[in-house]
There are 2 protein chains.
Amino acid sequence: MTELKPGPNPLFLREEELRQAIEMLFFAYRDFTGEPDAILAHLGFGRAHHRVIYFVGRHPMISVSELLLILKITKQSLSRVLSQLVREGFIVQHQGTEDRRQRLLKLTDKGVEIERQLTEAQRQRIARAYREAGAEAVQGFRAVMLGIMDAPDRGRFDRERDG
Amino acid sequence: MTELKPGPNPLFLREEELRQAIEMLFFAYRDFTGEPDAILAHLGFGRAHHRVIYFVGRHPMISVSELLLILKITKQSLSRVLSQLVREGFIVQHQGTEDRRQRLLKLTDKGVEIERQLTEAQRQRIARAYREAGAEAVQGFRAVMLGIMDAPDRGRFDRERDG
DNA sequence: CATATACGTCAGTCTTGTTGACATATTGCC
DNA sequence: GGCAATATGTCAACAAGACTGACGTATATG
């Protein structure tokens with residue numbers, strides 16, 4: 001039973017294969033978020049704070065509306081965690097120069113430090129998985145993950161870095 | 001940019017590669033859960049109900065404590081959704097024969113139907129991604145996903161089906 | 001018989017998402 | 001210049017789903 005036995009019922013195998021993928025997503029995502037969650041809880045923050053810190057770190061001087069497009073949550077939901085992060089000095093808001101209605105977000109030094117700390121566990125987890133699986137597997141992983149996400153989200157991974 | 005360009009700064013590329021993986025997990029997981037969530041909301045249920053229905057369907061006659069080990073939530077959290085699912089006729093509880101303290105869980109016909117409906121969108125999403133990426137990519141995907149999850153969870157995917 | 005286990009339940013709290021309504025500053029257009 | 005649209009903020013109420021802590025009951029096991 002270590003090898004799924006090649007049987008007379010390919011439909012069953014397909015079903016099993018698909019269910020395993022579904023479960024892998026569940027387990028991998030949960031374990032993947034576990035470590036940062038623990039650190040966050042210790043700071044009185046939640047996973048939502050991590051996401052904001054992460055994407056502001058990833059896209060310095062991002063506008064609020066751009067951040068909303070990435071996170072796909074309501075501005076009210078974002079507002080709660082964002083204003084908390086600004087109040088506690090992890091993020092600063094700069095008024096936009098071209099459009100002065102915009103509040104462009106940027107991590108403070110304190111924010112950069114906490115981002116590094118939070119993301120480090122995840123980075124190491126991925127690095128280990130990548131190293132152990134090998135370069136070819138990584139290509140496969142990326143291909144499947146891109147296929148799983150909605151088409152619009154895929155755009156973030158081919159060009160990347162053109163603004 | 002389809003191939004990561006071999007540059008003068010391999011550390012930057014590595015960092016970029018790892019961050020892309022982190023973001024792929026975020027986007028893929030969110031999009032992956034989106035469709036069932038919509039169906040569930042329509043039924044007055046949430047994602048937690050889906051998880052319970054899914055794993056009870058996957059492991060018929062599973063005990064409550066075994067289910068708790070898979071989900072890694074508290075019995076109080078499980079209780080809320082489980083008793084709701086029992087009350088509304090999606091799951092039945094059979095008293096264990098060997099250990100009569102156990103409540104062994106099983107989907108009703110109604111439960112099977114809703115499970116099929118909920119998981120169908122996810123199955124199709126995975127099937128499409130697998131088909132488009134190819135068999136080799138699937139192997140890579142599995143290898144990386146297994147590497148990302150905590151070691152204890154990996155055990156569910158090599159043997160699988162020995163109880 | 002006593003203790004441990006499997007399960008259920010009541011009560012309160014927190015995070016994070018939602019909707020709806022309304023306010024303010026700024027931009028862009030006629 | 002005036003006015004509609006846009007970017008953002010904020011108040012209020014609500015729901016899902018996780019948590020802790022405490023307590024109760026049925027059954028198993030030594």
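Chain letters run A, B, ... following the sequence lines, proteins first and then strands; every chain starts at 1. For clarity, every value in this text was computed on a predicted model and none was experimentally measured.
- Judged by atom type and distance alone, B/Arg80 reaches the base of D/dG17 through a side-chain donor-acceptor pair under 3.5 Å.
- Evaluation of atom-type donor-acceptor distances gives a pair under 3.5 Å for the side chain of A/Arg101 against the base of D/dT6.
- Between B/Arg58 and A/Glu16, at least one side-chain nitrogen of the basic residue sits less than 4.0 Å from a carboxylate oxygen of the acidic one, meeting the salt-bridge criterion.
- Between the P atom of C/dT16 and the CZ atom of A/Phe45 lies a distance of 10 Å, rounded to the nearest Å.
- For the pair A/Ile22/B/Tyr54, a side-chain contact is recorded, criterion being any heavy-atom separation below 4.5 Å from C-beta on.
- Residue B/Ser83 is out of contact with every strand shown, counting any heavy-atom pair closer than 4.0 Å.
- Ring geometry, A/His49 versus A/Phe45: the interplanar angle falls under 30°, so the pair is classed parallel (tilted spans 30 to 60°).
- We find that CZ of A/Arg103 is positioned 13 Å from P of D/dA7, with the value rounded to whole Å.
- We find that A/Lys72 and A/Asp153 are joined by a salt bridge, their nearest charged nitrogen and carboxylate oxygen being less than 4.0 Å apart.
- Between B/His42 atom NE2 and C/dT18 atom C1' the separation is 18 Å, expressed in whole Å.
- Regarding contacts with the backbone of C/dT16, a side-chain N or O of A/His49 is found under 4.0 angstrom from either OP1 or OP2.
- Considering only side-chain N and O atoms, A/Gln102 lies nowhere under 4.0 angstrom from the phosphate OP1 or OP2 of C/dA25.
- Contact check on A/Glu15 versus A/Arg19 returns a salt bridge, with a Lys/Arg side-chain nitrogen under 4.0 Å from an Asp/Glu carboxylate oxygen.
- Between the side chain of A/Gln76 and the base of C/dG17, no donor-acceptor pair of N or O atoms lies under 3.5 Å.
- A/Leu67 places its CG atom 15 Å from the C1' atom of D/dG9, with the value rounded to the nearest Å.
- A residue-by-residue look at A/Arg100 and A/Val81 shows that A/Val81 has its nearest nucleotide of DNA chain C further toward the 5' end.
- When heavy atoms are screened at a 4.0 angstrom cut-off, A/Ser65 is found touching the sugar-phosphate backbone but no base atom.
- Straight-line distance from the CD atom of A/Gln84 to the C1' atom of D/dT10: 15 Å, rounded to whole Å.
- Considering only side-chain atoms of A/Lys75, the nucleotide from D/dG9, C/dT16, D/dG17 that sits closest is D/dG9.
- The distance between atom CG of B/Leu105 and atom P of C/dA6, rounded to the nearest whole Å, is 14 Å.
- The phosphate of C/dG17 (OP1 or OP2) has a side-chain N or O of A/Arg51 nearer than 4.0 angstrom.
- Taking only side-chain nitrogens and oxygens, A/Thr74 never comes nearer than 4.0 Å to OP1 or OP2 of C/dG17.
- Each of A/Gln95 and A/Leu78 lies near DNA chain C, and the nucleotide nearest A/Leu78 is the one positioned closer to the 5' end.
- We find that CG of B/Leu69 is positioned 14 Å from C1' of C/dT5, with the value rounded to whole Å.
- No side-chain donor-acceptor contact under 3.5 Å links A/His59 and A/Glu66.
- Between C/dT26, D/dT10, D/dC19, one nucleotide has an atom nearer to the side chain of A/Asp99 than all others, and that is C/dT26.
- A/Gln93 comes within contact range of the sugar-phosphate backbone alone, with a heavy-atom separation under 4.0 Å but no base atom that close.
- Between the CG atom of A/Leu68 and the P atom of C/dG17 there is a distance of 11 Å, rounded to whole Å.
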